Amino acid sequence: MLRIAVPNKGALSGPAAAMLHEAGYRMRKESKELVLVDPTNEVEFFYLRPKDIAIYVSAGKLDIGITGQDLLIDSGADAEVILPLGFARSTFRFAAKPGTVSDIEGLAGKTIATSYEGIVAKHLAESGVDASVVHLDGAVETAIELGVAQVIADVVETGTSLRNAGLEVFGEPIMKSEAVVIRRSGADGDDPKVAQFLRRLQGVLVARSYVMMDYDCRAEHLEKAVALTPGLESPTISPLHNEGWVAVRAMVPAKEAQRIMDDLYELGARAILTTAIHACRL
């Protein structure tokens, strides 16, 4: 069986479980379950702390895992990304009291508080900056006020919590992260079970990004309509009972669907419908 590590809690857990369910895998019903066997799909899931997943995968105990790219880098584990998953996106940045530090060079000699010392230490080394790093498990925003550090490094989404703490971000982002599938560096890249698993997840990603669009249009407007909805290879065209009309079906990007519907309507197309795609293989 393919042995897969998945997050047992936190921001990664719910979206990862939803994606695996959409990909046709059995998911646990109780949060206390640590191991789940899916005999139909020949997969065994191990529910682990997100921070530990890269370690287990790099040790060869598990074949692949789902974790955050930031957690992979922070762990220093000998594992590599094989598929970005597009959720749990975040940006990792430095922050300090306004007017105290403006760029990474200004970190020299400072103490930086963070929950991700591996990422920060690596970034400082690559930038040639000598600074101290203090590990905190959470609530790093208070570290400056309490005198633990002069600078913090943390995940920034809206920046509201930083502003509430009287801090502001500075410099370029340390890194951008998202959920990823990982495997041990140097592992067999031709494993058919891993390839099938990745195809299923890729199918979910495509299904989430596209909708199926159907519409009717006059035959003389078909070329212009097809230019708006080219599909992946080409759209499906079928003649209608009413002479001079055709039915068109094509996959279109979900984020552009409303604009495309407006353009088709202006072109004279009617009965324009969109439906969700639940799974696909390209």
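All values below were derived from every heavy atom in this structure, side-chain atoms included, with hydrogens, water molecules and symmetry-related copies excluded. Model, not experiment: these values are computed from the prediction.
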Shortest non-hydrogen contact from [X] toward [Y]:
X	Y	result
Trp245	Gly268	CH2-O, 4.1 Å
Gly118	Asp74	N-OD1, 2.7 Å
Val101	Lys110	CG2-CE, 4.1 Å
Ala250	Thr229	CB-O, 3.7 Å
Ala96	Val151	CB-CG2, 4.3 Å
Lys193	Leu2	O-CD2, 3.8 Å

Has [X] got a side-chain atom pairing as donor or acceptor with [Y]'s backbone, closer than 3.5 angstrom?
X	Y	value
Ser234	Pro230	no
His221	Leu267	yes
Asp63	Arg3	yes
Glu178	Gly86	yes
Thr67	Pro50	yes
Arg259	Asp262	no
Ser13	Gly10	no
Glu33	Glu30	yes
Thr114	Ala153	yes
Arg26	Val37	yes

Any cation-pi pair here, [X] with [Y], using under 6.0 Å and within 45°?
X	Y	result
Arg270	Tyr265	yes
Lys51	Tyr116	yes
Arg93	Phe170	no

Could you grab the distance from atom [atom1] of [X] to atom [atom2] of [Y], nearest 0.5 Å is fine?
X	Y	atom1	atom2	answer
Asn242	Asp216	CG	CG	9.0 Å
Ser75	Asp52	OG	CG	9.5 Å
Leu12	Leu71	CG	CG	6.5 Å
Cys280	Met251	SG	CE	5.0 Å
Glu44	Asp38	CD	CG	10.5 Å
His135	Asp137	NE2	CG	3.5 Å

Shared hydrophobic cluster for [X] and [Y] (ILVMFWY, side-chain gaps under 4.5 Å):
X	Y	result
Phe87	Ile182	no
Val129	Val133	yes
Leu201	Leu62	no
Leu136	Leu162	yes
Val169	Leu124	no

Check your understanding: Side-chain donor-acceptor pair under 3.5 Å between Ser177 and Asp70, yes or no?
Key -> yes
Review point. Going by atom types only, do Thr40 and Tyr25 share a side-chain donor-acceptor pair under 3.5 Å?
Key: no
Practice item. Tell me, with the steps shown, if Lys97 and Leu167 meet side chain to side chain contact (heavy atoms under 4.5 Å, CB included). Key: CA-CA 5 Å; Lys97 291 284 187 181; Leu167 306 177; 4.0 Å; yes
Is the shortest heavy-atom distance from the side chain of [X] to the side chain of [Y] under 4.5 Å?
X	Y	answer
Val211	Thr275	no
Phe94	His123	yes
Met212	Asp214	yes
Ser132	Ile112	no
Asp191	Gln196	no
Leu264	Met213	yes
Leu72	Ile53	no
Leu273	Tyr215	no

Determine whether more than 12 heavy atoms belonging to other residues, nucleotides or ligands lie under 6.0 Å from atom [atom1] of [X].
X	atom1	answer
Glu243	CD	no
Asp130	CG	no
Glu233	CD	no
Glu256	CD	yes
His21	NE2	no
Tyr47	OH	yes
Glu105	CD	yes

**Study point:** Lys/Arg-Asp/Glu bridge criterion (N-O < 4.0 Å) met for Arg183, Glu80
**Key:** yes
Practice item. Only counting residues at least two apart or in another chain, list the ones meeting side-chain hydrogen bond (donor to acceptor under 3.5 Å, both in side chains) with Ser127. Key: none
Practice item. Begin from the C-alpha positions of Arg208 and Glu22 and carry the test side chain to side chain contact (heavy atoms under 4.5 Å, CB included) through to its verdict. Key: CA-CA 10 Å; Arg208 289 178 172 183; Glu22 289 178 48; 2.7 Å; yes
Practice item. Might you work through the side chain to side chain contact (heavy atoms under 4.5 Å, CB included) test for Ile237 and Val226, ending with a clear yes or no? Key: CA-CA 10 Å; Ile237 313 294; Val226 168; 4.3 Å; yes
Exercise for review: Evaluate side chain to side chain contact (heavy atoms under 4.5 Å, CB included) for Leu85 paired with Val181, printing each intermediate quantity in order.
Suggested key: CA-CA 7 Å; Leu85 296 177; Val181 180; 3.9 Å; yes
Check your understanding: Only one of Leu36, Leu48, Leu20 forms a side-chain contact (heavy atoms from CB on, under 4.5 Å) with Val6, so which one is it?
Key -> Leu20
